[in-house]
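Got a structure for you, questions after.
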Amino acid sequence: IDMLHQKQKITHLLDELLQYVLEVEPQKVTIEIEDLGDRVSIAVQEIGARKSDRECQQAECFLNTPQRSELQDYYSGLAGEESMGPCDLRIVRMMVDGGCIEPTESGIKVSVWWKQE
């Protein structure tokens, strides 16, 4: 499966990740999407706002908790739905295999990845 087949998933994930980083009103946001062959990686980095190290650690722990696969399709269908309220990474977690949230000098970088099918 190439990146084109992943397009819908990538679009859903970006929608959620952007809501997450835009909450803090950054000055600049950069997006990196990478096809690594066996997996796909998305990184969203924002500059100008900063979450605390503790917030980053909590969010990262959350992104890496074991998931229940039967919920995955359900949540990927919900991605981008405004009614879910502010993004707290619940939906993102259901769609990826892992992730990390790193404080940077000027903001945060959120990276997620999943195995290619």
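Remember, it's a predicted structure, so these values are computed and weren't measured experimentally.
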**Message:** What's the separation between atom CD in Q27 and atom CD in E25, rounded to the nearest 0.5 Å?
**Reply:**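 It is 11.0 Å, given to the nearest 0.5 Å.
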**Asked** What heavy-atom pair brings V92 and E16 nearest, and what distance separates the two atoms?
**Response** CG2-CB, 3.4 Å
**Request:** Start with the C-alpha distance between K109 and I101, add both sets of side-chain angles, then the distance that settles side-chain contact (heavy atoms from CB on, under 4.5 Å), and finish with yes or no.
**Result:** CA-CA 6 Å; K109 180 176 184 177; I101 298 181; over 6 Å; no
**Message:** Which residues pass the side chain to side chain contact (heavy atoms under 4.5 Å, CB included) test with Q58, not counting sequence neighbours?
**Reply:** R54
**Contact check, side chains of P103 and D53, non-hydrogen atoms, under 4.5 Å** = yes
**Message:** Is a donor from one side chain sitting under 3.5 angstrom from an acceptor on the other, for Q116 and D35?
**Reply:** yes
**Prompt:** Mind checking whether V29 and Q45 have side chains closer than 4.5 Å, heavy atoms only?
**Reply:** no
**Message:** For residues V40 and I31: do they belong to one hydrophobic cluster (side chain heavy atoms under 4.5 Å, members Ile, Leu, Val, Met, Phe, Trp, Tyr)?
**Reply:** yes
**Message:** Strictly distance-based, threshold 3.5 Å: is any side-chain N or O of K9 a donor or acceptor partner for the main-chain N or O of M95?
**Reply:**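 Yes; judged by distance alone, with no hydrogens or angles, the pair exists.
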**Request:** Specify the closest pair of heavy atoms between G99 and E60, including all atoms of both residues, with the distance to one decimal.
**Result:**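 Minimum heavy-atom contact is O-CG, 3.8 Å.
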**Message:** My understanding is that only residues two or more places apart in sequence, or in another chain, count here; which of them pass side chain to side chain contact (heavy atoms under 4.5 Å, CB included) with T11?
**Reply:** K7
**Fill in**
Here the gap from D97 atom CG to S41 atom OG, rounded to the nearest 0.5 Å, amounts to 11.5 Å
**Request:** Please name all residues satisfying side chain to side chain contact (heavy atoms under 4.5 Å, CB included) with I42, sequence neighbours left out, ordered by chain then number.
**Result:**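 Side chain to side chain contact (heavy atoms under 4.5 Å, CB included) list for I42, sorted by chain: I10, L13, L14, L17, I33, V44, V112, W114.
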**Fill in**
Here the gap from K28 atom NZ to E46 atom CD, rounded to the nearest 0.5 Å, amounts to 12.0 Å
**Prompt:** Between atom CD1 of I47 and atom OG of S106, what is the distance when rounded to the nearest 0.5 Å?
**Reply:**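 Here the rounded value is 4.5 Å.
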**Message:** My understanding is that only residues two or more places apart in sequence, or in another chain, count here; which of them pass side chain to side chain donor-acceptor pair (under 3.5 Å) with W113?
**Reply:**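 Per chain and number, W113 pairs via side chain to side chain donor-acceptor pair (under 3.5 Å) with no residue.
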**Inter-residue atom distance Y20.OH - I108.CD1, 0.5 Å rounding** = 5.0 Å
**Request:** Only counting residues at least two apart or in another chain, list the ones meeting side chain to side chain donor-acceptor pair (under 3.5 Å) with N64.
**Result:** none
**Residues which pass side chain to side chain contact (heavy atoms under 4.5 Å, CB included) with Q57, listed by chain and number, not counting sequence neighbours** = none
